[in-house]
Amino acid sequence: MLKKIFLPLMLIVLLISRAEAGTWSPELRVGILSGVKQVSLKVSAPCVMINAAKGNVLKKIPAGGSFVVDFEHLKINAVEVRPEKIPIQELTVEIDGKKYYGGVSVNKGKDSLTVINLVPLEEYLHGVLAKEMSPSYPLEALKAQAVAARSFALKNRGRHVKEGFDLCATTHCQVYIGVTDYDSINRAIDETRWKALFHRTGKSDRNTGRPRLWTGAV
Ligand SMILES: [Zn+2]
C-alpha cells in the first residue's frame, strides 16, 4: 500500500559525485537592483570588465578598485565584471556598499540599469539561508533548508529571463542578501553539498538526450 502511494511521487535525493561536481558549479544570475541610473562597485581582487555580448576586455580593475557604472555613459548593452585570475567564487564585489560573492553584470535597458550578481550556486546559498531561516535554528533544519533552497534555485533558473537574470533577491524567488558568515549556515551548506531534490519524469531532454529531471514545483 505504501509503495503504491509513494512510488509514483517518489522524490529522489541525488548525491552528485565529487568527480562530476568539479565541473558542475552552475553560475546563477541574481537580480540585485533594477530601475537605477547608476551603481557603485568595488572588487576584492584584480578583475576585468568585459563587453558581455562579445567577450572582449574593456578595462582592468585592480584589487580594491571601486568605480561607478552610469546609465548615461554606458555605451553598450551589458558589461560584466569577472575576476582576472582567481575562481569567481573567491571574488567578492560590493554593489552600492553591500558585499556579494562572485562577479557582477550591469545591463542597460531603455532608461535605466539592471544590476545582476553572477554567483555560483553554493555561494548563493550562504546569502539565502541567513534570511530565509535564522542562523540560530537547529542544524538539521538548516540542512533541510539548504537542500530546499538549492533545489528551488535549480528548478527556477531563468524565471526572470526577460529581465536578464535567473532569480530575483526577494520573497518572489528567495530572499538573498549576499555574503554572510555564520558557522551553523556554513556547516549546513557544506554537509549537504551538491544535494538537491529531483523528480524523475521518465522523459528525455530534447537537447541533451539525458533524463529530464524536473516537473512542477519542488
Ligand atoms: Zn523572483
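Nothing fancy with the numbering, it's 1 onward along the sequence. What you see is a predicted model, and the numbers here were worked out from it, not measured in a lab. Numbering of ligands and ligand atoms starts at 1, following listing order.
Between R193 and D190, at least one side-chain nitrogen of the basic residue sits less than 4.0 Å from a carboxylate oxygen of the acidic one, meeting the salt-bridge criterion.
Counting heavy atoms from C-beta on, the side chains of W194 and L121 never come closer than 4.5 Å. Two residues are said to be in side-chain contact when any heavy atoms from C-beta on lie closer than 4.5 Å; L91 and R82 fail this criterion. Counting only heavy atoms from C-beta outward, the side chains of S34 and E163 never approach each other to under 4.5 Å.
Without hydrogens or angle criteria, Q145 side chain to M133 main chain gives no donor-acceptor distance under 3.5 Å.
Judged by the 6.0 Å distance and 45° axis criteria, K108 is positioned over the aromatic ring of F71.
Shown here are the protein N/O/S atoms lying under 2.8 Å from the Zn ion (ligand 1), water excluded: H160 NE2, C168 SG, H172 ND1, C173 SG.
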